[in-house]
> 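Before anything else, here's the structure in question.
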2 protein chains.
Amino acid sequence: MSHQPEPLSTKLQRGNLMAAACPSREVLRSMTSQWGVLVLMSLQQGTHRFSELRRRIGGVSERMLSETLKRLERHGLILRVAYPVVPPQTEYSLTPLGVEAARHVAGMADWIEVNLPEILQHRPQQA
Amino acid sequence: MSHQPEPLSTKLQRGNLMAAACPSREVLRSMTSQWGVLVLMSLQQGTHRFSELRRRIGGVSERMLSETLKRLERHGLILRVAYPVVPPQTEYSLTPLGVEAARHVAGMADWIEVNLPEILQHRPQQA
DNA sequence: TGTTGGTTCTTACTATTAGTGAGTATAGGG
DNA sequence: CCCTATACTCACTAATAGTAAGAACCAACA
């Protein structure tokens, strides 16, 4: 909270998603990946275990859930706490950064769910 | 426009993204696809031609841009107007539904760009 | 009069990623 | 003693993303 050495140089590094080489692209991809969105949404309701997330999120495989969680953890959006017990127990929760991220994706997700009927009307019905 | 047979049954079909088979999953994937996000963001500033979008969005190939635009059009989020001239000219813009969708993804995108420095600090620097 | 460039795509091919099914270690319950 | 549950990983296949080239057409330029 006190005086920091280089507050400006840090502040100036805002990402630019339009630039192909900007690392923000990677963050975008993990936050907006199919399973990433659903994990963030699920963790909005509090801490969950691996298997709870798996049951809650219809259609995730264990492999994809595991990789999605690892990626979100690498970006500091979720916190992983593993208890060395048998059978294994691991708890996942949102970090403060993750709480903000989850608000955005959940807002979008909610909009999709609400507007789904209208969106589907624009789609040509398949033969 | 007159009295419709089943207005309630349509209204009641709110999507559920947690369900694997719900069509909202497909909408989520097109809205949150890497190029989908960047297209929606770009079109927030108004109508653009294909090649303008291609130049603006760093790293898109023509194939991916074309497919992304088609998918967003299928979901009623963008409008495509092709003029039968030579050389070809096509204009893309947001539909009212697309304007709302774009607001959500742009909000998220902005958050990512602003918080990128903090997010990157959580990442282990690579060897 | 070639030839180059610009436009909006599509097609064929390759690389990357997603998804599937099985395996692992351990303990508690029937 | 075998089955289930947990949180994974590994080997494999299917799907998707990315690359490079071409197509159709004309305008401008040398």
Side-chain angles (χ1 to χ4, degrees), chain A residues 17-22 25-40 42-43 47-75 78-93 126, chain B residues 17-23 25-40 42-43 47-75 78-93:
Chain A
L17 282 167
M18 291 302 168
C22 181
R25 283 279 177 92
E26 202 198 322
V27 178
L28 178 69
R29 295 194 65 174
S30 73
M31 257 181 74
T32 62
S33 71
Q34 172 169 211
W35 308 124
V37 168
L38 302 178
V39 163
L40 289 172
S42 297
L43 291 181
T47 299
H48 285 287
R49 299 181 58 168
F50 185 89
S51 52
E52 287 170 346
L53 290 170
R54 174 139 161 68
R55 276 188 290 268
R56 172 184 278 259
I57 300 170
V60 230
S61 66
E62 297 185 341
R63 187 175 93 86
M64 289 316 293
L65 181 55
S66 174
E67 290 191 359
T68 300
L69 289 166
K70 262 191 261 178
R71 210 160 34 146
L72 291 173
E73 192 196 4
R74 261 211 321 277
H75 290 149
I78 68 178
L79 183 72
R80 178 182 178 272
V81 180
Y83 300 97
V85 296
V86 165
Q89 176 164 357
T90 317
E91 287 181 349
Y92 294 93
S93 55
Q126 54 210 41
Chain B
L17 282 168
M18 291 302 167
C22 181
R25 281 280 176 91
E26 203 198 321
V27 178
L28 178 70
R29 293 194 66 174
S30 73
M31 257 182 74
T32 63
S33 71
Q34 173 170 211
W35 308 123
V37 168
L38 301 178
V39 163
L40 290 172
S42 297
L43 291 181
T47 299
H48 284 286
R49 298 181 58 168
F50 185 88
S51 53
E52 287 171 346
L53 290 170
R54 174 139 161 67
R55 277 188 290 267
R56 173 184 278 260
I57 300 171
V60 230
S61 67
E62 297 184 341
R63 188 175 93 85
M64 289 316 294
L65 181 55
S66 174
E67 290 192 358
T68 301
L69 289 166
K70 261 190 262 178
R71 209 159 35 147
L72 291 172
E73 192 195 3
R74 261 212 321 277
H75 290 150
I78 69 178
L79 183 73
R80 178 181 178 273
V81 180
Y83 300 97
V85 296
V86 164
Q89 176 164 357
T90 318
E91 289 181 349
Y92 294 94
S93 55

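All chains are named by letter (A, B, ...) in the order of the sequence lines, taking the proteins before the strands, and each is independently numbered beginning at 1.
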> Give a yes or no on whether a donor-acceptor pair under 3.5 Å exists between the nucleobase atoms of C:dT10, that is its base, and the side chain of B:Arg63.
no

> Could you pull out the closest heavy-atom pair between A:Leu28 and B:Gln34, with the gap in Å?
CD2-O, 4.3 Å

> What residues form a side-chain contact (heavy atoms from CB on, under 4.5 Å) with B:Glu91, not counting sequence neighbours?
B:Thr47, B:Arg49, B:Tyr83, B:Gln89

> Atom CG of B:Leu28 and atom P of C:dA18: how far apart are they, to the nearest Å?
14 Å

> Atom CZ of B:Arg25 and atom C1' of C:dG19: how far apart are they, to the nearest Å?
13 Å

> Pick the nucleotide of DNA chain D nearest each of A:Arg29 and A:Pro88; which residue has the one closer to the 5' end?
A:Pro88

> Looking only at heavy atoms, what is the nearest atom pair of A:Met18 and B:Leu38, with distance?
CE-O, 3.7 Å

> If I take atom CD1 in residue B:Ile57 and atom P in nucleotide C:dT8, what distance separates them, rounded to the nearest angstrom?
13 Å

> Record whether the side chain of A:Arg49 comes under 3.5 Å of the base of D:dA7 through a donor-acceptor pair of N or O atoms.
no

> Please tell me if A:Gln34 has a side-chain N or O lying less than 4.0 Å from either OP1 or OP2 of C:dG19.
yes

> Would you say the side chain of A:Arg54 and the base of D:dA7 hold a donor-acceptor pair, judged only by whether the two atoms sit under 3.5 Å apart?
no

> Is the shortest side-chain N/O distance from B:Lys70 to OP1 or OP2 of C:dT10 below 4.0 Å?
yes

> Using every non-hydrogen atom in the two residues, find where B:His75 and B:Ser30 come nearest and quote the distance to one decimal.
ND1-OG, 2.8 Å

> Mapping B:Glu67 and A:Pro87 onto DNA chain C by nearest heavy atom, which one lands closer to the 5' end?
B:Glu67

> B:Met64 has an atom CE; how far is it from atom C1' of C:dT17, in whole Å?
12 Å

> Take the protein atom NE2 of B:His48 and the nucleotide atom P of C:dT7, then report the distance between them rounded to whole Å.
15 Å

> When you check the phosphate oxygens OP1 and OP2 of D:dG18, does a side-chain N or O of B:Trp35 lie under 4.0 Å from one of them?
yes

> How long is the line joining CG of A:Leu65 and P of C:dT17, in whole Å?
19 Å

> B:Tyr92 near the nucleic acid: base, sugar-phosphate alone, or nothing, with a heavy-atom cut-off under 4.0 Å?
sugar-phosphate

> Indicate yes or no for a side-chain donor-acceptor contact from B:Arg54 to the backbone of B:Val60 under 3.5 Å, with no hydrogens or angles considered.
yes

> Might you point out which heavy atoms bring A:Phe50 and A:Leu65 nearest each other, and give the distance in Å?
O-CD2, 3.6 Å

> Less than 4.5 Å apart, side chain to side chain, heavy atoms only: is that true for A:Arg55 and A:Ser51?
yes

> Could you check how far CG of A:Leu69 sits from C1' of D:dT9, rounded to whole Å?
15 Å

> Under 4.0 Å between a side-chain N or O of A:Ser51 and OP1 or OP2 of D:dA7?
yes

> Just to confirm, is there a sub-4.0 Å distance from OP1 or OP2 of D:dA7 to any side-chain nitrogen or oxygen of A:Ser66?
no

> Round to a whole Å and report the spacing from CD of B:Glu91 to C1' of C:dT7.
13 Å

> Determine, for B:Arg71 against B:Glu67, whether the closest basic-nitrogen to carboxylate-oxygen distance falls under 4.0 angstrom.
no

> Using nucleotides 28-30 of chain C, report all nitrogen or oxygen pairs with the protein that are shorter than 3.5 Å.
none

